[in-house]
Amino acid sequence: LEKALICYEKGLEIAEELKIDKQIAKCLNSIGNSYLNKGELEVAMDYFQQAYNIRIHLNEKVGLASSLNNIGNVYFKFKEYAKAIDYNERSYQLSKESGSIDRLIKTSKSLYDVYKAIDEYPKALEMYEDYILYRDSLFNEDNLRSSIQLEFSHKFTNDSIQKLKDDIEHEKDVVLKQFKHDEEISQFRFYAVVGGSFSLIMCLMAIFLYRQNKLKQKTNKQIQLQKE
């Protein structure tokens, strides 16, 4: 809690320096919740009221619903149940107007706790049913979103794998073609070398035979002259 509180207070300083009212209200609200969780109700109430005053100016329904709900929860802790109901009912109405399921879940749960505490069981049951309804609605919506994301992820993964396979096959074809090309060039070079060597040998043999023939003719001519 202390680390979170330090972060919220630092965030508040930055928001105030930048004069971002919406963020200031959000930080004040978070600081208030930290003090509420620590049991420091008066301090929490002060921060919630500051956030509420800013949000009235901004006319931000979801933010106002949050502030009203938080103030109502402090009054609940103080056991000032009439005020707790008043603030939470106003929060509940704003939550409906804004269409915020998350806020409807939290506010209906707060109202259920208050009505249960004062033995208003019909209203407590009504709020509890609303709480379950909105909670399941959000749960189903989250499940649907998760299902869509999972399906998309699965499709994306399959497509990626197929693309990878296609790329591998393409690279394999390129390598095989290059190998065949290199092999053909190697064969050509081999035959060229062999052919060149054979031609050189034949040429040398021809020169050798020519010289041998000339030598033989010269020898025969000398023998003929000696006989005469």
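The first residue in the sequence is number 1, and the count goes up from there.
Residues satisfying the side chain to side chain contact (heavy atoms under 4.5 Å, CB included) test with S110, not counting sequence neighbours, are N69, N73, N88. Listed by chain and residue number, E80 satisfy the salt bridge (charged side-chain N to carboxylate O under 4.0 Å, His left out) test with K83 (two or more places apart in sequence, or in another chain). Scored by the side chain to side chain donor-acceptor pair (under 3.5 Å) test, Q50 finds D46 as partners (sequence neighbours excluded). Scored by the ring pair (Phe, Tyr, Trp, His ring centres under 6.0 Å) test, F76 finds Y81 as partners (sequence neighbours excluded). Every side chain to side chain contact (heavy atoms under 4.5 Å, CB included) that D130 has, sequence neighbours left out, goes to Y92, S108, M127, Y134. Every residue was checked against the ring pair (Phe, Tyr, Trp, His ring centres under 6.0 Å) condition with Y121, not counting sequence neighbours, and none meets it. Applying the side chain to side chain donor-acceptor pair (under 3.5 Å) test to N29 and every residue at least two apart in sequence or in another chain returns S66, N70.
In this structure, D136 CG and Y131 OH are separated by 9.0 Å, a value rounded to the nearest 0.5 Å. Here I132 contributes atom CD1 and K109 contributes atom NZ; the two are 9.5 Å apart, rounded to the nearest 0.5 Å. Taken from OG in S67 to CG in N53, the straight-line distance is 9.0 Å, to the nearest 0.5 Å. Taking NZ from K123 and CD1 from I85, the interatomic distance works out to 9.0 Å, rounded to the nearest 0.5 Å.
Cluster partners of L41 are L36, M45, F48, Y52, I56, L64, L68, I71, V74, Y75, F78, Y87, L94, counting Ile, Leu, Val, Met, Phe, Trp and Tyr whose side-chain heavy atoms approach within less than 4.5 Å, directly or via other members.
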For residues 6-27, which side-chain donor-acceptor pairs fall under 3.5 Å, sequence neighbours excluded?
none

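The same ILVMFWY cluster, assembled from side-chain heavy atoms under 4.5 Å apart, contains both V114 and Y128. Hydrophobic clustering (ILVMFWY, side-chain heavy atoms < 4.5 Å, transitive): L125 and I105 are in distinct clusters.
Counting only residues at least two apart or in different chains, ring-ring contact (aromatic ring centres under 6.0 Å, His included) contacts with residues 10-47 comprise Y35-Y47. Listed by first then second residue, pairs satisfying salt bridge (charged side-chain N to carboxylate O under 4.0 Å, His left out) with a partner in residues 86-104 read K61-E97, D86-R90, D102-K106, not counting sequence neighbours.
Of the possible donor and acceptor atoms, one in the side chain of S98 sits under 3.5 Å from a partner among the backbone N and O of S95.
Taking both residues in full, the closest heavy atoms of A44 and G32 are given as CB-O, 3.3 Å, listed atom of the first, atom of the second, then distance.
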